[in-house]
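Report on the structure given below.
Model, not experiment: these values are computed from the prediction. Just the heavy atoms: all of them, side chains too, but no hydrogens, waters or symmetry mates, feed the values below.
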Amino acid sequence: MAHFVKLGIGNKVIQGVVVHNDVATTEQAGIDFLNNLYKTNDVWKQTSYNTKGGVHLLGGTPFRKNFASVGYRYDQTKDAFIPPRPFTSWTLNEETCLWEAPVIKPDDGQNYIWNEETQQWDLNE
């Protein structure tokens, strides 16, 4: 199955749909099918369900950095989908197109939550 997202104002993802591979033999074929189906001339982009942070989770070829969901933004220059910024202190990793905290999350098996006020990871008890 091929996954497509519809872009709205500011290249923000406003809808996601799945099209059978027999129909979406190419990205353009999928776009044409969707615009025909909905009787529109919307902007659609294909997205890969198995791509996150520029890595294909099944070892295939990564596509547009991240699987897009509603609220993501499409960056034309990077040809990438970028998720919403979770906190103002976080910065975009230009390679993965994912947001990163200013402090690395502890990797000790515990459950942490980001505290924007203190700019640190707190135990989530």
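- Within the model, atoms CG of Leu34 and CG of Asn41 stand 12.0 Å from one another, a figure rounded to the nearest 0.5 Å.
- Thr51 contributes no side-chain N or O that, together with a main-chain N or O of Gly54, makes up a donor-acceptor pair within less than 3.5 Å.
- Side chain of Lys6 to main chain of Val17: no donor-acceptor pair is present (N/O by atom type, distance under 3.5 Å, no hydrogens or angles).
- Residue Asn21 places its CG atom among more than 12 non-hydrogen atoms of other residues, nucleotides or ligands, all under 6.0 Å distant.
- Annotation: side chain of Val13 is not in contact with side chain of Arg73 (no heavy-atom distance under 4.5 Å).
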Give the C-alpha distance, both sets of side-chain angles, the deciding distance and a yes or no for ring-ring contact (aromatic ring centres under 6.0 Å, His included) between Phe81 and Tyr72.
CA-CA 6 Å; Phe81 289 108; Tyr72 278 51; 7.4 Å; no
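- Atom CE of Met1 is separated from atom CG of Asp22 by 9.0 Å, given to the nearest 0.5 angstrom.
- A salt bridge is absent between Glu100 and Lys105: the closest approach of a Lys/Arg side-chain nitrogen to an acidic carboxylate oxygen does not fall below 4.0 angstrom.
- A pairwise comparison of heavy atoms in Leu98 and Pro83 identifies CD2-CG, 4.0 Å as the closest pair.
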Could you walk me through whether Leu7 and Lys45 satisfy the side chain to side chain contact (heavy atoms under 4.5 Å, CB included) test, starting with their C-alpha distance in whole Å, then the side-chain angles of each, then the deciding distance to 0.1 Å, before giving a yes or no?
CA-CA 8 Å; Leu7 303 181; Lys45 292 286 181 187; 3.7 Å; yes
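- Note: the hydrophobic cluster containing Ile31 does not contain Val43 (ILVMFWY, side chain heavy atoms under 4.5 Å, direct or indirect links).
- Distance check, rounded to the nearest 0.5 Å: OG1 of Thr91 to CZ of Arg85 gives 7.5 Å.
- Summarising the geometry, atom NE2 belonging to His56 is positioned 10.5 Å from atom CZ belonging to Phe63; distances are rounded to the nearest 0.5 Å.
- Counting all heavy atoms, side chain and backbone alike, Thr47 lies closest to Ala68 at OG1-N, 2.9 Å.
- Remark: Trp90 CH2 to Gln119 CD distance equals 10.5 Å, nearest 0.5 Å.
- Between the Gln15 side chain and the Val5 main chain, no donor and acceptor come within less than 3.5 Å of each other.
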Show the numbers, then the answer: is there a side chain to side chain contact (heavy atoms under 4.5 Å, CB included) between Ile113 and Trp121?
CA-CA 6 Å; Ile113 187 166; Trp121 292 98; 5.6 Å; no
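- Side-chain atoms of Asn50 and Ser48 form no donor-acceptor pair, as typed in the model, at a separation below 3.5 Å.
- Ring geometry for Tyr49 versus His3: interplanar angle under 30°, hence parallel rather than tilted (30 to 60°).
- Of the possible polar contacts, none joining the Trp114 side chain to the Gln120 backbone as a donor-acceptor pair under 3.5 Å is found.
- A salt bridge links Lys78 with Glu94: the distance from a Lys NZ or Arg NE/NH1/NH2 to an Asp or Glu carboxylate oxygen falls below 4.0 Å.
- Contact record, Thr96 with Asn93: N-OD1, 3.0 Å, taken as the closest heavy-atom pair.
- In this view, Asp108 and Pro106, Gln110, Tyr112 satisfy the side chain to side chain contact (heavy atoms under 4.5 Å, CB included) rule, not counting sequence neighbours.
- Cluster membership for Phe67 and Leu57, using ILVMFWY side-chain heavy atoms within less than 4.5 angstrom, is not shared.
- The minimum heavy-atom distance between Lys65 and Ala80, with the atom names listed, is CG-CB, 3.3 Å.
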Start with the C-alpha distance between Arg64 and Tyr74, add both sets of side-chain angles, then the distance that settles side chain to side chain contact (heavy atoms under 4.5 Å, CB included), and finish with yes or no.
CA-CA 9 Å; Arg64 296 195 167 125; Tyr74 175 69; 4.0 Å; yes
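- A donor-acceptor distance shorter than 3.5 angstrom exists from the side chain of Asn35 to the backbone of Asp42, with no hydrogens or angles considered.
- Listed by chain and number, the residues in a side chain to side chain donor-acceptor pair (under 3.5 Å) with Thr118 are Asn115 (sequence neighbours excluded).
- Counting heavy-atom neighbours within 6.0 Å of Ile104 CD1, excluding the residue itself, gives a total of 12 or less.
- Within the 4.5 Å cutoff, the side chain of Trp44 has no heavy atoms near those of the Glu27 side chain.
- Trp99 places no side-chain N or O within 3.5 Å of a backbone atom of Phe87 that could act as its donor or acceptor partner.
- Residue Asn66 holds its CG atom at 6.5 Å from SG of Cys97, rounded to the nearest 0.5 Å.
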